Amino acid sequence: QKDPSNERWWSTKAMLHYENDDTTNAILAYEKAVTLFPLAEDRLNLALLYAGKGNTKCLTIANELSKGGKGTLNPKINFIKGIYLNHIGKKEQAIDAFDRCIHDNFTFMEAYKEKALILCSIDRCVEGINALIKAVTIQNTYEDGYYYLETVAEGGMEVIEGTPINMHLG
């Protein structure tokens, strides 16, 4: 049942918008959801969408969440910061944020991938390949890791550089 005062309804609506590549309406729906009830999960998803747009609101949310948590959200917070920093062109700082994410949770596969994509885009492809190898060694079912390793091996760097971030909400 559609209930505009229900946070879960807005959160679900946001996810559906995102899955339909409608980031703008996903952001609007998450904003409504967190206004009704500021669940950490919804706030993280909203921050990730903001980060992908280069919106500094992602940092505000990330900083608020880092103050309220006991460190359990640190990997996701550092991932969000890495996405944002990469989006605004601060690639070295983004790599550092992804390294902190990996340090806090070595199974956070998306951090390895994003780090590798940045490294390859700044002509440090060997380091990028090593990050992907580490990812698929840790989790041998990580399909994106194999995909990007193959792309690099085929010399398709222009494909990697043009690939948008793969933001996994949830």
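Please read all numbers here as calculations on a predicted model, not as lab measurements.
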Steps toward side-chain contact (heavy atoms from CB on, under 4.5 Å) verdict (Ile83, Phe98) = CA-CA 9 Å; Ile83 296 295; Phe98 292 127; 3.9 Å; yes
Kindly compute the distance separating CG (Asn105) from CE (Met109), expressed to the nearest 0.5 Å.
-> 8.0 Å
Contact check, side chains of Leu39 and Arg8, non-hydrogen atoms, under 4.5 Å | yes
Check the pair Tyr142 / Tyr147 against side-chain contact (heavy atoms from CB on, under 4.5 Å), numbers first and verdict last.
-> CA-CA 9 Å; Tyr142 182 53; Tyr147 170 79; over 6 Å; no
Are Met15 and Tyr30 side-chain neighbours, meaning at least one heavy-atom pair lies under 4.5 Å?
-> yes
Between Ala116 and Gly128 the two heavy atoms that sit nearest each other are CB-O, 3.3 Å
Minimum heavy-atom distance Thr23-Lys53, with the two atoms named | CG2-CE, 3.5 Å
Taking the side chain as every heavy atom from C-beta outward, state whether Thr107 and Ile138 have any atom pair closer than 4.5 Å.
-> yes
Considering all heavy atoms, the nearest Lys113-Leu132 contact = CA-CD2, 4.1 Å
Whether His17 side chain and Asp22 backbone form a donor-acceptor pair below 3.5 Å | no
Can any side-chain N or O of Thr137 pair as donor or acceptor with the backbone N or O of Ile133 at less than 3.5 Å?
-> yes
Lys57 and Glu31: CA distance, side-chain angles, deciding distance, side-chain contact (heavy atoms from CB on, under 4.5 Å) verdict = CA-CA 11 Å; Lys57 290 180 184 178; Glu31 288 173 339; 4.2 Å; yes
Between Asn20 (side chain) and Leu16 (backbone), is there a donor-acceptor pair under 3.5 Å?
-> yes
Return the minimal non-hydrogen interatomic distance between Ile118 and Ala94, and the atom names on each side.
-> CD1-CB, 3.7 Å
Side chain to side chain, Lys90 and Tyr84, heavy atoms closer than 4.5 Å = no
Please name the pair of heavy atoms, one in Ala26 and one in Tyr18, separated by the smallest distance, quoted to 0.1 Å.
-> CB-N, 3.7 Å
Would a 4.5 Å heavy-atom cut-off, applied to side chains only, mark Arg43 and Glu64 as touching?
-> yes
Within the distance-only criterion (no hydrogens, no angle test), does the side chain of Tyr112 pair as donor or acceptor with the backbone N or O of Phe106 below 3.5 angstrom?
-> yes
Close side-chain approach of Asn130 to Lys134, heavy-atom, < 4.5 Å = no
Answer whether the closest heavy-atom distance between the side chains of Ile95 and Asp99 falls below 4.5 Å.
-> yes
Which atom pair, heavy atoms only, marks the closest approach of Ile80 to Leu44?
-> CD1-O, 3.6 Å
